[in-house]
Asks: 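If you scroll down you'll find the structure; I have some questions about it.
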Amino acid sequence: MPTYQHTCVRCGPFDVIRPMRESAADATCPTCTEPSRRVFGAPALRALPAGLRGALDAQYRSADAPRVVTSLPGRPGRTQRRATDPRQLRLPRP
Ligand SMILES: [Zn+2]
């Protein structure tokens, strides 16, 4: 469930966790029980999974200074292995 920030005119900001369908509704201040309005701030990026956060960071870094490669990357998942049995060397190759 997402977290929404509200501000009470007396007590200041506080967070409310509620379903998205109730995001536009006013919240009651937990201290003075006055109704308060929702305020919009920066998204809570700390809640993202670490892999996604790293990918977004890499995307922002590469926007200004893209990484330059000087050679082709290797093929993932295929490593050359030497045959340990001499009979394997005589097998037909694709
Ligand atoms: Zn209050």
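Both counts, for ligands and for their atoms, begin at 1 and track the order of listing.
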Asks: Under a single-linkage definition using a 4.5 Å side-chain heavy-atom cutoff for Ile, Leu, Val, Met, Phe, Trp and Tyr, are L52 and Y60 assigned to the same hydrophobic cluster?
Replies: yes
Asks: Could you give the distance from CZ (R38) to CG (D26), rounded to the nearest 0.5 Å?
Replies: 11.0 Å
Asks: Checking P2 now: which residues fulfil side chain to side chain contact (heavy atoms under 4.5 Å, CB included) with it, not counting sequence neighbours?
Replies: Y4, M20
Asks: Which atoms form the tightest heavy-atom contact between C29 and S36, and what is the distance?
Replies: N-OG, 4.5 Å
Asks: What's the separation between atom CZ in R37 and atom OG1 in T7, rounded to the nearest 0.5 Å?
Replies: 11.0 Å
Asks: What protein atoms of element N, O or S are positioned under 2.8 Å from the Zn ion (ligand 1)?
Replies: C8 SG, C11 SG, C29 SG, C32 SG
Asks: How many angstroms lie between atom CD1 of I17 and atom CD of E22, to the nearest 0.5 angstrom?
Replies: 13.0 Å
